[in-house]
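Pasting in a structure now, in structure tokens, and then I'll have a few things to ask.
Only heavy atoms go into these numbers, but all of them, side chains included; no hydrogens, no water, no symmetry mates.
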Amino acid sequence: MDPEVAWAWRRIVAGRGLVRVEGLAGEVGWSRKRLWSRFRAQLGLPPKRAAKLVRFDRAAHRLVAGEGAARVAAEGGYADQSHLHREVMAFTGPTPSALAEEPFLAVDHLAWPGLSLSRR
């Protein structure tokens, strides 16, 4: 993997998906087109989609932990609660309130550290 792509990925993850991906190209010294092309070729998706998934992952963890959707949306970079609702449904199918009961979330402690799976 190109060091610039790895760096951009680390910035997206460290920023919990809230980084402005338009600025990443300038930060690595590449054109936007080059970063998008290399990122997609090496990680399988463009940086904006990667940031969206990282932001969603954080939101899903918080929803599963019992936090309210309005708070998760407000603190997670969503325009409003309905924006979070649409994104959760687009990625998973169920509503944010039903997300914690989904069987795909019954995963091991390495994938979801700190989540008590005994409540299922």
Side-chain angles (χ1 to χ4, degrees):
M1 179 178 297
D2 291 330
E4 295 86 353
V5 172
W7 183 87
W9 169 250
R10 285 192 302 272
R11 286 271 290 130
I12 289 169
V13 171
R16 297 180 175 164
L18 299 177
V19 296
R20 300 282 308 174
V21 293
E22 291 78 18
L24 291 176
E27 291 178 38
V28 299
W30 282 358
S31 70
R32 179 187 175 278
K33 186 175 179 179
R34 183 174 183 184
L35 177 62
W36 262 241
S37 173
R38 291 284 180 87
F39 199 99
R40 185 178 189 124
Q42 294 176 24
L43 294 177
L45 66 164
K48 192 165 188 168
R49 180 75 168 170
K52 192 175 195 179
L53 287 169
V54 168
R55 180 179 66 179
F56 166 75
D57 181 64
R58 172 90 171 134
H61 279 82
R62 294 179 68 187
L63 290 167
V64 169
E67 292 188 49
R71 181 180 197 147
V72 171
E75 294 175 358
Y78 293 91
D80 53 29
Q81 187 174 345
S82 64
H83 180 205
L84 171 65
H85 184 94
R86 286 189 308 274
E87 201 158 281
V88 167
M89 294 207 41
F91 282 129
T92 65
T95 63
S97 60
L99 186 65
E101 302 306 319
E102 284 300 301
F104 74 86
L105 292 174
V107 294
D108 64 32
H109 69 283
L110 295 174
W112 292 80
L115 176 65
S116 172
L117 297 176
S118 61
R119 65 185 190 144
R120 301 218 183 276

**OP:** Quick one: pull up CG in Leu99 and NE2 in His61 and give me the separation to the nearest 0.5 Å.
**Re:** 10.5 Å
**OP:** For side-chain contact (heavy atoms from CB on, under 4.5 Å), just list the numbers for Arg11 and Trp7, CA-CA rounded to whole Å, side-chain angles, deciding distance to a tenth of an Å, and then say yes or no.
**Re:** CA-CA 6 Å; Arg11 286 271 290 130; Trp7 183 87; 3.4 Å; yes
Original post:
With a 4.0 Å cut-off, would you call Arg62 and Glu75 a salt bridge?
Top reply: yes
Subject >> Minimum heavy-atom distance Asp80-His83, with the two atoms named >> reply: OD1-N, 2.8 Å
Subject >> Nearest heavy atoms of Arg16 and Val54, plus distance in Å >> reply: C-CG1, 3.6 Å
**OP:** State, to 0.1 Å, how close Gly76 and Leu18 come at their nearest heavy-atom pair, and which atoms those are.
**Re:** O-CD2, 3.3 Å
Original post:
Shortest non-hydrogen contact from Ala50 to Leu45?
Top reply: N-CD1, 3.5 Å
Subject >> side-chain contact (heavy atoms from CB on, under 4.5 Å) evaluation trace for Val21 with Trp36 >> reply: CA-CA 10 Å; Val21 293; Trp36 262 241; 4.0 Å; yes
**OP:** With rounding to the nearest 0.5 Å, note down the distance linking CZ in Phe56 to CZ in Arg49.
**Re:** 10.5 Å
Original post:
What heavy-atom pair brings Met89 and Pro94 nearest, and what distance separates the two atoms?
Top reply: CG-O, 3.4 Å
Subject >> Rounded distance (nearest 0.5 Å) linking atom CG of Asp2 with atom CZ of Arg34 >> reply: 7.0 Å
Original post:
Out of curiosity, Ser82 OG to Glu87 CD, how far, rounded to the nearest 0.5 Å?
Top reply: 11.5 Å
Original post:
Hey, what do you get for CG (Asp57) to CZ (Arg55), rounding to the nearest 0.5 Å?
Top reply: 12.5 Å
Subject >> Pairing of Glu4 and Arg38 as salt bridge, 4.0 angstrom limit >> reply: no
Original post:
What closest approach, in Å, do Pro96 and Leu63 show between heavy atoms, and which atom pair accounts for it?
Top reply: CB-CD1, 3.9 Å
Original post:
Run the side-chain contact (heavy atoms from CB on, under 4.5 Å) check on Val88 and Tyr78 step by step: do they pass?
Top reply: CA-CA 11 Å; Val88 167; Tyr78 293 91; over 6 Å; no
